[in-house]
Protein chains: 2
Amino acid sequence: MSTQDSLGEQASHGPQGLPGTHHTPSAPATPSAQERLVRSTQELLWERGYVGTSPKAILERAGVGQGSMYHHFTGKSGLALAAIRRTAEGMKAAAEECLSAPGTAYDRVAGYLLREREVLRGCPVGRMTQDRDVVRSAELREPLDEMFGWLRGRIGGVLAEGQQRGELAPGLDPSATAATVAAVVQGGYVLARAADDTAPFDAAVRGVLSLLATQVTPGTGSTR
Amino acid sequence: MSTQDSLGEQASHGPQGLPGTHHTPSAPATPSAQERLVRSTQELLWERGYVGTSPKAILERAGVGQGSMYHHFTGKSGLALAAIRRTAEGMKAAAEECLSAPGTAYDRVAGYLLREREVLRGCPVGRMTQDRDVVRSAELREPLDEMFGWLRGRIGGVLAEGQQRGELAPGLDPSATAATVAAVVQGGYVLARAADDTAPFDAAVRGVLSLLATQVTPGTGSTR
DNA sequence: GTCTATAAAAAGATAGAC
DNA sequence: GTCTATCTTTTTATAGAC
């Protein structure tokens with residue numbers, strides 16, 4: 001082993017469809033084999049999950065030989081770790097962009113909920129929680145835990161801030177409501193995939209937004 | 001092929017932990033090989049998903065030989081179809097028990113949300129929506145679609161009924177709110193599994209119930 | 001660093017005995 | 001009906017050439 005699972009890697013960004021794909025100015029036109037391996041793994045984990053993704057499929061998509069993979073990573077799990085970390089970071093950045101936008105707390109949460117998503121493909125991070133091998137590995141689960149923990153905290157922070165500003169009813173529990181908002185998105189994906197239709201996702205979002213709207217103090221500038 | 005995937009099977013009920021495990025009086029003490037195969041598959045699909053479940057593992061858990069499986073079923077997919085149908089029926093029955101309980105609309109929905117669940121194991125039906133091979137097969141996806149469609153409709157019906165009785169605010173959208181409630185449960189599982197902790201699930205449920213409570217007309221008998 | 005060759009094990013199914 | 005033997009393909013790695 002040599003470069004083995006470069007952990008502190010902050011490198012560039014995600015592949016096709018994955019959040020956080022704005023190119024760093026210094027990003028090379030032709031990504032390295034290591035980089036292509038990570039991106040291929042991100043895509044495949046999203047599409048097929050951990051058990052459903054074989055090293056062979058990764059190599060084929062990345063267009064590299066088997067030797068490259070075992071040179072840069074310990075194997076499937078090491079590569080998955082790098083990919084999951086990368087994906088989780090991308091999701092975080094995408095969510096932060098919505099939640100740090102200007103506007104009332106309601107507007108910002110609504111912005112997050114209504115943000116464009118490839119609903120039928122599901123959440124690349126949430127997807128991993130259904131994979132036994134991922135959840136059972138403390139190392140592989142950590143990025144998921146971190147990401148969703150951060151998300152709930154961030155949404156809760158936005159709601160608490162809105163409450164302090166008098167935009168939201170004092171009775172609202174920011175932390176619990178934040179969990180609800182995050183759950184609606186993840187559960188919306190499940191309902192949509194079961195129906196092979198985005199409508200249930202949209203309905204779930206509409207429902208929680210309507211409920212949240214009833215907690216908005218009249219005349220505090222929200223554009224409901 | 002002979003008995004091949006007995007479709008109209010209404011047979012008995014699910015295995016360990018799976019909803020709908022109340023024994024039919026006429027259920028035999030020693031289940032048939034076919035029955036044991038279905039139950040083993042239900043368990044394994046829940047634990048490992050479709051891709052993660054091998055025929056070998058099913059056979060070992062059921063304690064039967066390979067011949068039995070290919071005699072009664074077309075193969076892995078046929079067996080999975082029987083198992084998924086069985087599991088979906090069980091979930092439906094379990095939900096109906098809560099939703100048809102006496103009380104106000106709020107109470108019944110709360111009863112559904114607060115019903116005892118093995119949160120960290122996730123939803124055996126929702127789990128399937130993350131499996132590529134399941135969702136891509138019209139036949140395998142159908143029971144999921146049916147189950148979640150029914151659930152949203154049933155919850156929506158309870159809410160609409162409560163609204164007509166004057167228990168709930170006229171502004172509430174029963175259909176959208178029903179999707180939200182169902183999504184919160186499914187998403188709650190995701191958050192809990194990411195954290196390896198049931199707390200996020202409970203918080204999400206608490207959050208949506210608090211929001212729903214604000215829609216209850218005072219003095220209509222709800223035990224919030 | 002990246003490639004190909006080789007290999008032990010598991011997946012998924014078939015054949016045929018009993 | 002149920003079992004075991006056989007078989008092909010895929011999985012996941014290791015070894016070693018370049």
Side-chain angles (χ1 to χ4, degrees), chain A residues 1-6 9 11 28 30-41 43-45 47-84 131-134 136-137 139-140, chain B residues 1-6 9 11 28 30-41 43-45 47-84 131-134 136-137 139-140:
Chain A
M1 51 171 114
S2 58
T3 317
Q4 285 300 17
D5 299 31
S6 55
E9 57 116 333
T30 300
S32 66
Q34 181 173 348
E35 178 62 23
R36 288 214 306 285
L37 282 167
V38 173
R39 295 187 188 177
S40 299
T41 306
E43 294 176 8
L44 285 166
L45 286 182
E47 292 170 20
R48 311 186 189 178
Y50 184 80
V51 263
T53 297
S54 69
K56 188 187 173 193
I58 295 172
L59 298 175
E60 281 173 356
R61 187 168 299 204
V64 303
Q66 215 157 10
S68 282
M69 171 177 161
Y70 286 103
H71 174 74
H72 292 290
F73 302 92
T74 50
K76 179 178 172 177
S77 64
L79 189 39
L81 180 57
I84 291 175
D131 239 303
R132 210 192 181 217
D133 294 347
V134 170
R136 284 172 50 146
S137 156
E139 205 174 22
L140 291 179
Chain B
M1 49 172 113
S2 59
T3 318
Q4 286 300 21
D5 300 30
S6 56
E9 58 116 335
T30 299
S32 65
Q34 180 172 348
E35 179 62 24
R36 288 215 306 285
L37 282 167
V38 173
R39 295 187 188 176
S40 300
T41 306
E43 293 176 9
L44 285 166
L45 286 182
E47 292 170 19
R48 311 185 188 179
Y50 185 80
V51 264
T53 297
S54 69
K56 187 187 173 195
I58 295 172
L59 298 175
E60 281 173 356
R61 188 168 298 204
V64 303
Q66 216 158 10
S68 281
M69 170 176 161
Y70 286 103
H71 173 75
H72 292 290
F73 302 93
T74 49
K76 181 179 171 177
S77 65
L79 189 39
L81 179 58
I84 291 174
D131 239 304
R132 207 188 184 222
D133 293 350
V134 171
R136 285 173 51 148
S137 155
E139 205 173 23
L140 292 179

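Just so you know, these numbers come straight off a predicted model, no measurement behind them.
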End-to-end axis angle, where each axis spans five pairs of the helix from C:dG1-D:dC18 to C:dC18-D:dG1, to 10°: 0°
Between C:dT4 (C1') and A:Glu60 (CD): distance, integer Å: 15 Å
Integer-rounded Å distance: D:dG1 C1' and B:Leu37 CG: 12 Å
Salt bridge present between B:Glu43 and B:Arg39 (N-O < 4.0 angstrom): no
Distance in angstrom units between B:His72 NE2 and D:dC3 P, rounded: 9 Å
Expected output: side-chain A:Thr53 to main-chain A:Leu44 donor-acceptor under 3.5 Å: yes
Minimum heavy-atom distance B:Leu140-B:Ser77, with the two atoms named: CD2-O, 3.8 Å
Residue pair A:Lys76 / A:Met69: nearest heavy atoms and the distance that separates them: N-CE, 3.6 Å
Reading 5' to 3' through nucleotides 12-18 of chain D, protein heavy-atom contacts under 4.0 Å coded B for base, S for sugar-phosphate only, - for none: BBB----
Residue from B:Val134, B:Leu79, B:Ile84 passing side-chain contact (heavy atoms from CB on, under 4.5 Å) with B:Leu45: B:Ile84
Non-hydrogen atoms of A:Ser40 and A:Ile58 that approach each other most closely: CB-O, 3.9 Å
Rounded distance in Å - CG (B:Leu59) to P (C:dA10): 15 Å
Phosphate OP1/OP2 of C:dC3 contacted by A:His71 side-chain N/O (<4.0 Å): no
Side-chain (A:Arg36) to main-chain (A:Pro31) donor-acceptor, under 3.5 angstrom: yes
N/O donor-acceptor pair under 3.5 Å between B:Ser137 side chain and B:Asp133 backbone: no
